[in-house]
Amino acid sequence: MCGIIGYAGHRPAVPLVVEGLRRLEYRGYDSAGTAFVQGGEMRVVRAAGKLAALEEKLASCASATATSAIGHTRWATHGVPAERNAHPHCSNDRRIAIVHNGIIENYQELKADLLAKGYTFSSETDTEVLVNLISEGMKTQGSLLEAFAWALRQAHGAYAVCLKSVDEPDTLYAARMAAPLILGVGTGENYVASDIPAFLPYTRDVVFLEDGEVVMLTASAWKVLALEDLSPLEKPVRRIQWDMQAAQKGGFRHFMLKEIFEQPRVITDCLAGRVDGDTVVLRELESLPVPRRLHIVACGTSYHAGLWGRHLLEHWARVPVSVEIASEFRYRDALLLDAGDAVLVISQSGETADTLAALRIAREHGVPVIGLCNVVGSSIAREADAVIYTQAGPEISVASTKAMCSQMVMLALMSLAWARLRPAGEAGISPEDSAGIIDALRALPGMLDAALPDMHARAREISRAYADARNFFYLGRGHCFPLALEGALKLKELSYIHAEGYASGEMKHGPIALVDPSFPTFALALDDALFPKVKSNIVEVQARQGRIIALTNPGLDIAADDVWVVPALPAPLSAFMALPALQLFSYEVADYLGKDVDQPRNLAKSVTVE
Ligand code: F6R
């Protein structure tokens, strides 16, 4: 899981590539590098650590006047995070350099063949194998392009790869198979990158490349070819509307904070064009019948959104729902054969390898797949039978925040849309109550916008008293249980404090044994039918000297070390107030502890490998 960029144009390429890499750093950041041709030689500069380390090294290469270069920001998949494993990698004769995102699964076999032919390797990477395989192809294939395609046809696995050579210094070749790659079409310059923000300041005109496609680009031309036989392909150029500001911090200390505060806007955007008076309009679903059973498959935060959505889908639309982690689903012999089943894959990035694999399994079973995705043109969005875009805008911070909010809005809308299609009397929500929920959703952005500053201040205040904890419980019931899981995930990934989310009713089945004065609990005690049950679970924890933060609504009678009151909304919409509180608490703890909030260690934004 890495970010790659290639540039062919008229500007100094190296600074431009480094700048593009900075906007791709969310894809991984344990090392970075660039390659360009200078004085008829391949120059490769690489550094372990963040981009600043690469920039430092480049400062001593002031003579780099190349107008074409490739670059890479890496998240280790093969080999430890170290300079020798950083990209670009060169062929033994140093005439070719490549950057690569993905995994070549059969690289050991390919490497054994190359070793037998006398090739040597200085890294542990599959990428160095691939570049030497291309070099080997040069001996038998007619051209560099043919050698590139010949080598890729032998590589099994996932890749987005970009190649630069000494012999054709003004041309770049790139290809994709199961990893994102986008061509940016400029004036007198062209780009290829893992994601649009890499080149967005320079062009909004893009070509989405598909699996099995090769692109050849120079400053003035580009063409897309089929990997199989190098036949030319017609590809439409699309204009992207995102502006760069959306991908910048906008005055906030971190992207994460900015993205938490964007949630009111996200809700508004999710509702735009999707609610008309009392009715939900989800045109994307019109071609599919209401499923008899729905299987939701996702990872991480998106999985938690799915767990939350199940409550609404079952309660309102009366659709039986299972929710499963994609990495489990894909290797289980899931029973998807019933006519009437549908699979809903939820993914912010639309590139998560396990979720994409689950989608493909469902399609192999002939089961319709609905994708709930944020990234337009992503693999999941393209392969699903129907796609609902979540409209969260680019999410830069590695920890997902606004994307979950947008997924929850869409799940609520889906539930209402399907409830309406139920025969009279079979829906779990009346048309009047449905209209009330739509009204509450419309009012939500304003309420949340007004509540966020106080919520942030309270999060900061409380976080200071708990930042020394080494362990945390998060408890909730009903629709708040998925929020407890999400709260715990946010705390552990941002602050590296061990945190467990539990259904509060489970505590006395074992976990309560852990409670002592140093093991605090964050309890979701919102105003809903299960409040009295949650309250007694809190009392049980207090009886073991456990400290409690209780997130609650006005007027509820609850005693806790820290009572945190957020505005009330009818359940389950109260989740839209609880979610930012949980996010802000984790944000504040992590920031107070001096952690790298936007780029937590060992994580990457888009998990495109297993
Ligand atoms: C946590 C987080 C991850 C992602 C997960 C799935 O903050 O961001 O748990 O939710 O990797 O990613 P997507 O939604 O892109 O499939």
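Numbering of residues begins at 1 and proceeds along the displayed sequence.
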*Salt bridge or not for Arg360 and Glu364, using N-O below 4.0 Å?*
no
*Could you tell me whether the side chain of Val541 reaches within less than 4.5 Å of the side chain of Asn537, counting heavy atoms only?*
no
*His295 and Phe329 aromatic centres sub-6.0 Å*: no
_Does this structure show an ion pair linking Arg265 with Asp269, if we count only N-O contacts that are shorter than 4.0 Å?_
yes
_Carboxylate-amine/guanidinium contact Lys535 Asp557, below 4.0 Å_ = yes
*Carboxylate-amine/guanidinium proximity below 4.0 Å for Asp561 and Arg547*: no
*So, are Glu540 and Lys508 salt-bridged, with charged N and O less than 4.0 Å apart?*
yes
_Gln263-Thr401 side chain donor-acceptor pair, cut-off 3.5 Å_ = no
_What I want to find out is whether Arg176 reaches Asp211 closely enough, with some N-O distance under 4.0 Å, to be called a salt bridge._
yes
_Within the 6.0 Å centroid threshold, strictly below: Phe522 and Phe472_ = no
*asked:* Any side-chain to backbone donor/acceptor pair from Asp598 onto Phe255? Under 3.5 Å, distance only.
replied: yes
_For a quick test of reading the model, state the closest non-hydrogen atom pair linking Leu489 to His304 and the distance between them._
CD2-CE1, 3.7 Å
